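What follows is one structure encoded as structure tokens, with my remarks underneath.
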Amino acid sequence: ADPTARVFEGRVYVYPSHDVPAIPGKCRDKWFCMEDYHVFSSENLIDWKDHGVIVKQPDVQWANPNNYSMWAPDCVFKDGKYYFYFPASGKERGFKIGVATADKPYGPFTLEPTAIEGVRGIDPSVLVDKDGTSYIYYSMNKIFVARLKANMRELDSAPQVIDNLPPKGLLEGPFVFERNGLYYLTYPHVENKTERLEYAIGKRPMVAWENRTAPEWDM
């Protein structure tokens, strides 16, 4: 579930979450049970290679060992390193976002011992802008954004809520990219038991986003 696709080294890499049958004592019955992350790659979008597990729940030092909630991840490349971002339920109440690093897009990944300080949420998306500045977007009912330090592991600004998005309902799963000088934010929006994929555009990564009406697709 929850895949993020990136192009690295001439291949498409897909980083999904991994839903498995409920594990007694660790997952709620008839609910999501995410125990690890795989990565898949392809040169032609037809033939795919499973590179195997890159991050496992038991290896995350700060995660709640009895709550397998490793949801939507992301991976970006900067300054010769690959940075894999993922959410998990912390030992203290609430979700945190962790980081693992690698020299190749398929790993092996090395986990940072602590989660990103100051972030409480899920579904990270990271933008490495054209000037080299990086930003992390994540959700917790609303969508937040913060600037990252050059080390890609710490915040360089306080998280702030992205304004002008729908005021009601659940906002989650943000994904941000830049094209022709405009920044695009896509996200699922759940309201009145209906989920829609919606988007906003902006001229800067952190402020002045303008929400757009999502097209009406038949599901």
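Just so you know, these numbers use all the heavy atoms, side chains as well, and skip hydrogens, waters and symmetry mates. Here, residue 1 is the first one in the sequence, and each next residue gets the next number. For clarity, every value in this text was computed on a predicted model and none was experimentally measured.
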Is any side-chain heavy atom of Y68 closer than 4.5 Å to a side-chain heavy atom of S89? no
How about N192 and T194: does a side-chain donor come under 3.5 Å of a side-chain acceptor? no
Under 4.5 Å between side-chain heavy atoms, counting indirect links through other Ile/Leu/Val/Met/Phe/Trp/Tyr residues: same cluster for L148 and F144 or not? yes
Measure across D129 and Y183 and return the closest heavy-atom pair with its distance rounded to 0.1 Å. OD2-OH, 2.7 Å
Please report the interatomic distance CG(D74) to CD1(I97), rounded to the nearest 0.5 Å. 10.0 Å
Calculate, to the nearest 0.5 Å, the distance between atoms CD1 and CG belonging to I136 and L155 respectively. 7.0 Å
Using modelled atom types only, decide if a donor and an acceptor are shared between the side chain of S157 and the backbone of A146 within a distance under 3.5 Å. no
Check whether V14 and L45 end up in the same hydrophobic cluster, where Ile, Leu, Val, Met, Phe, Trp and Tyr are linked by side-chain heavy atoms less than 4.5 Å apart. yes
Where V39 and P105 come nearest, the two heavy atoms and their spacing: CG2-O, 4.3 Å
State the CD1-OG1 distance between I201 and T186, to the nearest 0.5 angstrom. 13.5 Å
Which one of S42, C75, S41 satisfies the side chain to side chain contact (heavy atoms under 4.5 Å, CB included) criterion with Y13? S41
Enclosure of E92 CD (heavy-atom neighbours >12, cutoff 6.0 Å): no
When you compare the side chain of E195 with that of L170, does any pair of heavy atoms fall below 4.5 Å? no
Do R11 and E9 sit within salt-bridge range, that is, some charged N less than 4.0 Å from a carboxylate O? no
Looking at F86 versus W71, is the centre-to-centre ring distance below 6.0 Å? no
Do N211 and Y187 pair up side chain to side chain, a donor and an acceptor below 3.5 Å, judged on atom types alone? yes
Side-chain ion pair, E35 and K26, N-O less than 4.0 Å: no
Evaluate the side-chain proximity of W209 to V176: yes if any heavy-atom separation is below 4.5 Å, no if none is. yes
Atom pair CG (D59) and CD1 (I54), whose distance is rounded to the nearest 0.5 Å: 12.0 Å
Side chains of N141 and E172: does their closest heavy-atom pair fall under 4.5 Å? no
In short, G80 meets D103 closest at the heavy-atom pair O-OD1, 4.5 Å
Any sub-3.5 Å donor-acceptor pair from E178's side-chain atoms to L127's backbone N or O? no
Going by heavy atoms in the side chains, are F40 and P16 under 4.5 Å from each other? yes
Hey, is NZ on K142 packed in by over 12 heavy atoms from elsewhere, all under 6.0 Å? no
Atom CZ of F95 and atom CG of N64: how far apart are they, to the nearest 0.5 Å? 9.5 Å
Give me the atom names and distance for the closest heavy-atom approach of S139 to G173. OG-N, 3.6 Å
State yes or no: do F32 and Y138 share one hydrophobic cluster built from I, L, V, M, F, W and Y residues joined by side-chain heavy-atom distances below 4.5 Å, directly or via other members? yes
Are the charged groups of K149 and D156 less than 4.0 angstrom apart, N to O? no
Show the nearest heavy-atom pair for residues C33 and P21, with the distance to one decimal. SG-O, 4.0 Å
The single option from V119, V126, T4 that satisfies side chain to side chain contact (heavy atoms under 4.5 Å, CB included) with Y85 is V126
Is the centre of the Y37 ring less than 6.0 Å from the centre of the F84 ring? yes
d(K104 NZ, F109 CZ) to nearest 0.5 Å is 12.0 Å
Closest heavy-atom contact between R6 and F175? NH2-CE1, 3.6 Å
Are any of the side-chain heavy atoms of V161 and I143 separated by less than 4.5 Å? no
Going through the distances and angles, do M152 and V128 end up as a side chain to side chain contact (heavy atoms under 4.5 Å, CB included)? CA-CA 10 Å; M152 304 293 282; V128 180; 4.1 Å; yes
I'd like to know if R212 pairs up with E198 as an ion pair, taking the criterion as any Lys NZ or Arg NE/NH1/NH2 lying under 4.0 Å from an Asp or Glu carboxylate oxygen. no
Main-chain N/O of N66 paired to Q57 side chain as donor or acceptor, under 3.5 Å: no
Using side chain to side chain contact (heavy atoms under 4.5 Å, CB included), reason through L165 and L185 one step at a time and then give a plain yes or no. CA-CA 10 Å; L165 301 184; L185 163 65; 4.1 Å; yes
List the steps and the verdict of side chain to side chain contact (heavy atoms under 4.5 Å, CB included) for I122 and M140. CA-CA 6 Å; I122 61 172; M140 186 50 67; 4.1 Å; yes
Do Q61 and T114 come close enough that some side-chain heavy atom pair is under 4.5 Å? no
Backbone of A63 reached by a side-chain donor or acceptor of K96 within 3.5 Å: no
Should M206 and I162 be counted in the same cluster of Ile, Leu, Val, Met, Phe, Trp and Tyr side chains packed under 4.5 Å apart? yes
Determine whether Y184 and R179 satisfy the following criterion, side chain to side chain contact (heavy atoms under 4.5 Å, CB included), listing intermediate values before the conclusion. CA-CA 8 Å; Y184 294 81; R179 182 175 184 272; 4.0 Å; yes
Would you call Y82 and Y106 a side-chain contact if the rule is heavy atoms closer than 4.5 Å? no
Is Y199 reachable from L182 through a run of I, L, V, M, F, W or Y residues, each pair having side-chain heavy atoms under 4.5 Å apart? yes
